[in-house]
Engineer: 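Sharing a structure with you now.
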2 protein chains.
Amino acid sequence: MPKVVDPAERRRELVEAVLRVMRRDGLEQASVRNVAREAGLSMGSLRHYFASQSELMVFAFRTVIDRIESRLAALEPEPDPTRRAQRLLAELLPLDDERRAENEVWLAFNSRAMVDPALRALRDEGYDALRAGCQAMVTDLSAAGLAPTDVRTEAERLHALLDGLAVHAAMRPDIHTAESLTAAIARHLDALAIERSARDAAEGEDPA
Amino acid sequence: MPKVVDPAERRRELVEAVLRVMRRDGLEQASVRNVAREAGLSMGSLRHYFASQSELMVFAFRTVIDRIESRLAALEPEPDPTRRAQRLLAELLPLDDERRAENEVWLAFNSRAMVDPALRALRDEGYDALRAGCQAMVTDLSAAGLAPTDVRTEAERLHALLDGLAVHAAMRPDIHTAESLTAAIARHLDALAIERSARDAAEGEDPA
DNA sequence: GCTACCCTAACACAACTGTGCTATAAAAGT
DNA sequence: ACTTTTATAGCACAGTTGTGTTAGGGTAGC
């Protein structure tokens, strides 16, 4: 009976099982037994694809990261920096069920990474990528005169706002609807532009 | 030998043991055995003070919440809304080792509350309190002409920024120093004031 | 004195964990 | 046709978990 499915496909199925269990019962319930049962396999089979639980978790986390990154990369090019930022941020916020699920497992992985060294490297990778993305967005906006020139501080602020909204959406999905999340982000982008104009005007006055 | 210390004191010691274990080894290591060993007691003794692990965790979480709230309440009154907001936010951010520790256990409790119903109520309580605090700050700033009039959106933005910064500080304490955190918050308060001025000016022009 | 009570300790139990090992059947390679 | 590799299943083992129960030692009230 073996060899009926592609090994890579099996691994993907197992990752899906991990994510399902994590969402339904919490990260600590994602034991090798529970995951194997969820996937309809014996735990001996699971161990054939992943030698250890840590390996399974790392692969699952990596899969989630790759999925998010490829989704961002697949976005059609958008020359206008504001609209580009809006689309990127909309892709990162948990606005629909699929991304809500993704957000939950992302947060679970992140919290385990606080203690598990094997996951820490992946968490840092995701963190750095998001940080770089925020920095790129602010840089483009700033170049277009739509954000203050202090890119570093503004990128940190945007990044923290984004992650904070994601955490809040996971904690209270009833309060933080897709509308309120997008409104908060839109307001922030708007505020960045206003701030830039005001600072430019102040600079034009002061030294003159 | 029993009865040498106040039972309430014992409970406090046990909570401290919980927090130490949680910070050192992670939340999932805070088993009744590990906590009892950390406190230098047998697990039979621990169970005399807390009938179940859930009870212990709830009490520990409650203690952390109370500690933060009483520290905020102990702040001397500050009439200037900007300075008051700065002080409140400085008290909530993990700027020193003590509050870094507090922040870590806070996040750990929050992540477990995603799955543990007993902790969820406490998490929601903490969330609501912080949300109300942000709303109060923005309301005062807005009344003083130092923040936009859309209190609801701005409170959500401030709240998310605050929690996002706390998460980032826990993840990357090397990157997010006390200086960068306070700078981000200061910039945000500054931006709120600028935004208000600009919107007021725009409104004065438009309908005229 | 003594009785009642609080605290502490220690053990038992069932459930769960990750991991190693073995057996077997199907496929692939020759 | 035969051998080797791959995939699956199942079990054993040692460790940890939460919780219950039992017993004993120390203090306080009478």
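Naming: A, B, ... by sequence-line order, numbering from 1 per chain.
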Engineer: With a cut-off of 3.5 Å and sequence neighbours excluded, list every side-chain donor-acceptor pair involving residues 17-29 of chain B.
Structural biologist:
residue: B:R20; atom: NE; partner: B:E38; partner atom: OE2; Å: 2.6
residue: B:R24; atom: NH2; partner: B:E38; partner atom: OE1; Å: 2.4
residue: B:R24; atom: NH2; partner: B:E38; partner atom: OE2; Å: 3.2

Engineer: In residues 108-117 of chain B, which residues come under 4.0 Å of DNA chain C by heavy atom?
Structural biologist: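 Listed by number, there are none.
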Engineer: Say whether A:N34 and A:R37, considering side chains only, have a donor N or O and an acceptor N or O under 3.5 Å apart.
Structural biologist: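 Note: A:N34 and A:R37 side chains meet the donor-acceptor criterion.
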Engineer: Taking only N and O in the side chain of A:S42, is any of them less than 4.0 Å away from OP1 or OP2 of D:dA9?
Structural biologist: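 Affirmative; the distance criterion is met.
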Engineer: With a 4.0 Å cut-off, would you call A:D190 and A:R187 a salt bridge?
Structural biologist: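 A:R187 and A:D190: not salt-bridged.
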Engineer: Within the structure provided, determine whether B:L192 and B:R157 are in side-chain contact (heavy-atom separation under 4.5 Å).
Structural biologist: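 When only atoms from C-beta onward are counted, B:R157 and B:L192 do touch, with a gap below 4.5 Å.
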Engineer: Starting at CZ of A:R11 and ending at P of D:dA7, how long is that distance when rounded to a whole Å?
Structural biologist: 10 Å
Engineer: For residues 162-173 of chain A, please give each side-chain donor-acceptor pair under 3.5 Å, one per line with the distance, not counting sequence neighbours.
Structural biologist:
residue: A:D163; atom: OD2; partner: A:H159; partner atom: NE2; Å: 3.3
residue: A:D163; atom: OD2; partner: B:H168; partner atom: NE2; Å: 2.6
residue: A:H168; atom: NE2; partner: B:D163; partner atom: OD2; Å: 2.6
residue: A:R172; atom: NE; partner: B:D124; partner atom: OD1; Å: 3.0
residue: A:R172; atom: NH1; partner: B:D128; partner atom: OD1; Å: 3.4
residue: A:R172; atom: NH2; partner: B:D124; partner atom: O; Å: 3.4
residue: A:R172; atom: NH2; partner: B:D128; partner atom: OD1; Å: 3.0
residue: A:R172; atom: NH2; partner: B:D128; partner atom: OD2; Å: 3.3

Engineer: Whole angstroms only, please: what is the CG-C1' distance between A:D25 and C:dC16?
Structural biologist: 14 Å
Engineer: Under 3.5 Å, is there a donor-acceptor pair linking the side chains of A:S142 and A:T139?
Structural biologist: no
Engineer: Nearest 0.5 angstrom please: A:E125 CD to A:L119 CG, how far?
Structural biologist: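 A:E125 atom CD to A:L119 atom CG measures 12.0 Å (nearest 0.5 Å).
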Engineer: Output, in order, the C-alpha distance, side-chain angles, deciding distance and verdict of side chain to side chain contact (heavy atoms under 4.5 Å, CB included) for B:R196 and B:L141.
Structural biologist: CA-CA 10 Å; B:R196 169 60 177 270; B:L141 288 169; over 6 Å; no
Engineer: Ignoring hydrogens and angles, write down the donor-acceptor pairs under 3.5 Å from the side chains of residues 109-118 of chain A, residues two or more places apart or on other chains.
Structural biologist:
residue: A:N110; atom: ND2; partner: A:W106; partner atom: O; Å: 2.8
residue: A:S111; atom: OG; partner: A:A108; partner atom: O; Å: 3.1
residue: A:D116; atom: OD1; partner: A:A118; partner atom: N; Å: 2.9

Engineer: In what stems does DNA chain C take part, counting only runs of at least 3 consecutive Watson-Crick or G-U pairs whose two distances fall under 3.5 Å?
Structural biologist: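 Stem list for DNA chain C: C:1-5 with D:26-30, C:8-30 with D:1-23.
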Engineer: Can you tell whether the side chains of A:E102 and A:R71 come within less than 4.0 Å, N to carboxylate O?
Structural biologist: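 Between A:R71 and A:E102 there is a salt bridge, with a charged N closer than 4.0 Å to a carboxylate O.
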Engineer: For B:H48 and C:dC6, give me the distance from atom NE2 to atom P, rounded to whole Å.
Structural biologist: 7 Å
Engineer: In Å and rounded to the nearest 0.5 Å, what is the CG to CD distance from A:L56 to A:Q53?
Structural biologist: 7.0 Å
Engineer: When you check the phosphate oxygens OP1 and OP2 of D:dT6, does a side-chain N or O of A:Y49 lie under 4.0 Å from one of them?
Structural biologist: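 For D:dT6, OP1/OP2 do not have a side-chain N/O of A:Y49 under 4.0 Å.
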Engineer: Tell me, for nucleotides 17-23 of chain D in 5' to 3' order, what letter each nucleotide earns: B for a base near a protein heavy atom under 4.0 Å, S for only sugar-phosphate near one, - for neither?
Structural biologist: BBBBB--
